[in-house]
Amino acid sequence: MHFFNCSFNHWRNLPYRWILIGLCIVQTTLGIHIILDPAGDAKDTGRQLLTCYERSITLQLCEGLKKFLLEQRSAYTVTITRTAGESRSQEQRAQIANQLHADLFMHISCFDDAAIKPHLMVYYMMPTAPLPWPTNPYQLIPAHKAQDLVSARIEKMVKSLYQNLLQQKYYAVSKPLPIADARLASIMIPACTIEFGITSTIPWTPLIEQIGIAILRSMEQPA
Amino acid sequence: MNGRTIGIVCSISTLIGIIVYALCNEWIIFRNPLQSPQHSALLTTPLKKKEVSLFFWRYERWHTETITLSVAPHLQEQALSIIQAWLSEAFQLRLIDKPCTLEAALLDARHQCLYLSFSTVPCNTHKSTLEQLCGLESLLKTIRKATPSGIQNIQFLVHHTIIKHPHINLTKPVALTGFKILPD
């Protein structure tokens with residue numbers, strides 16, 4: 001930011017310094033927290049792909065996505081639920097999401113796709129009935145109903161993600177599907193799964209920017 | 001007692017011990033000829049021939065295969081035969097990657113929930129979640145069309161325990177109407 005590049009004396013004399021200070025305060029408080037959850041871990045290889053396993057591709061994509069998001073928005077906080085040598089159960093991943101009170105939890109998954117134009121799917125937890133936020137911190141919520149706490153926000157966010165992902169041309173994007181997703185169980189913040197196909201002809205690396213732009217636009221759209 | 005007597009007594013005791021051991025382990029079975037043999041329920045229940053449609057979702061549309069099965073009148077045995085036929089066909093069509101058999105099919109007391117215990121997860125976990133759901137939807141549609149109304153939910157199990165599927169939450173019973181992701 002221009003604010004940090006100036007010397008102190010020069011900054012003190014700027015007529016619009018108060019506007020810059022205000023913008024800084026707004027940007028830091030507007031910090032959005034995104035959690036990226038790559039499929040697989042040290043113990044679970046995930047799906048078998050043509051030349052590798054799902055866990056390596058998803059971790060690479062998450063790391064690339066984190067780098068892209070932080071380059072675009074320095075105020076964002078992006079957390080990846082695991083590193084290359086770590087193992088995480090579904091409960092641990094959900095605990096990370098719930099304790100960090102993030103704005104979005106995105107599970108990344110991939111599969112071997114035989115189609116000429118690979119597929120990209122967005123899944124979210126099938127809503128049953130909207131659940132009010134618990135007033136008592138000790139209230140127990142069934143794991144499969146945790147997403148019902150934020151069902152309205154999820155549907156809006158997933159629709160926005162889908163609209164933004166449609167604009168890329170390499171993947172055939174399917175409509176968001178509400179399913180009983182085991183990877184989103186017990187998560188009490190807006191969460192979705194993005195699953196994309198891997199082919200031998202079309203590289204998956206451009207997806208990093210596409211997904212990143214879709215996330216940015218979805219998070220910054222007015223509520 | 002002289003040695004000959006001891007030898008005879010020991011031989012007889014050994015023989016009695018062998019006979020008792022054989023009786024206990026059912027190597028030798030004594031059947032009372034005066035008592036009439038009990039026929040098992042399966043032998044007395046007549047099997048009926050029934051035409052069953054097996055449904056598969058492939059290449060963006062439904063495919064139907066009609067087969068003739070000999071089914072028992074009991075709903076559990078009917079479900080067993082039909083699902084076993086579906087699994088065999090699904091394996092040939094490569095909807096499932098490993099041979100899968102149905103170990104048991106049981107109805108609950110209210111005849112509303114059908115518990116199905118498989119030898120392995122009845123879908124290919126290396127495929128996309130959508131394809132796996134389509135495979136399960138095909139199975140649900142087959143059961144729905146082939147069995148009489150009454151069953152509302154299906155609980156999927158593997159070796160009589162809850163399935164820990166990596167992608168789809170199958171810990172709760174699934175409605176027989178399906179996941180509503182495919183046209184009927």
Side-chain angles (χ1 to χ4, degrees), chain A residues 39-41 43-50 53-55 89-91 93-94 107-115 118-128 142-147 171-187 192-199, chain B residues 56-61 93-98 113-116 118 120-141 152-158 161-184:
Chain A
D41 56 26
K43 286 183 185 169
D44 175 25
T45 58
R47 294 180 175 105
Q48 190 167 2
L49 306 174
L50 274 172
Y53 291 108
E54 185 184 13
R55 63 181 174 185
S89 65
Q90 174 55 32
E91 290 74 24
R93 292 166 200 251
H107 179 87
I108 306 287
S109 183
C110 63
F111 61 95
D112 200 22
D113 201 343
H119 295 92
L120 191 148
M121 281 84 86
V122 182
Y123 304 111
Y124 61 103
M125 203 63 152
M126 188 188 295
T128 48
H144 66 285
K145 288 195 173 185
Q147 285 282 282
Y171 281 77
V173 186
S174 307
K175 274 191 177 176
L177 268 180
I179 63 168
D181 199 331
R183 302 159 289 195
L184 304 179
S186 311
I187 295 172
C192 66
T193 297
I194 286 192
E195 198 172 75
F196 60 95
I198 302 268
T199 63
Chain B
F56 303 96
W57 179 264
R58 297 181 79 207
Y59 308 120
E60 309 286 323
R61 61 190 189 91
L93 294 172
R94 295 192 183 176
L95 288 180
I96 49 180
D97 56 340
K98 296 175 204 169
C113 188
L114 181 64
Y115 292 83
L116 301 173
F118 297 89
T120 180
V121 177
C123 44
N124 187 347
T125 52
H126 293 286
K127 288 190 175 179
S128 69
T129 309
L130 182 60
E131 284 182 80
Q132 293 178 59
L133 283 168
C134 292
L136 290 174
E137 185 85 42
S138 307
L139 175 58
L140 291 172
K141 183 169 181 177
Q152 291 178 7
N153 301 306
I154 305 281
Q155 175 69 63
F156 291 96
L157 306 166
V158 167
T161 54
I162 301 277
I163 295 180
K164 283 191 179 176
H165 196 283
H167 311 125
I168 306 165
N169 188 357
L170 294 173
T171 55
K172 300 282 170 195
V174 176
L176 192 59
T177 47
F179 303 104
K180 294 176 187 168
I181 53 171
L182 296 174
D184 200 11

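First the proteins, then the strands, lettered A, B, ... as listed; each starts at 1.
Between the OH atom in A:Tyr123 and the CG atom in B:Leu133 there is a gap of 7.0 Å [rounded to 0.5 Å].
Listed by chain and number, the residues in a side chain to side chain contact (heavy atoms under 4.5 Å, CB included) with A:Ser174 are A:Met121 (sequence neighbours excluded). Considering only residues two or more places apart in sequence or on other chains, B:Phe56 meets the ring-ring contact (aromatic ring centres under 6.0 Å, His included) condition with B:Trp86.
Contact between A:Arg47 and B:Lys127 at its shortest, heavy atoms only, is NE-O, 2.9 Å.
Counting heavy atoms from C-beta on, the side chains of B:Thr129 and A:Phe111 never come closer than 4.5 Å.
Heavy-atom distances place the backbone of B:Thr125, and not its side chain, under 4.5 Å from chain A. For A:Phe196, no part lies under 4.5 angstrom from a heavy atom of chain B.
Within 6.0 Å of CZ on B:Phe179 lie more than 12 heavy atoms contributed by other residues, nucleotides or ligands.
Note on residues 177-186 of chain A: pairs passing salt bridge (Lys or Arg N to Asp or Glu O under 4.0 Å), not counting sequence neighbours, are A:Asp181-A:Arg183, A:Arg183-A:Glu195.
Residues of residues 165-178 of chain B that come closer than 4.5 Å to chain A, counting heavy atoms only, are B:His165, B:Pro166, B:His167, B:Ile168, B:Asn169, B:Lys172, ordered by residue number.
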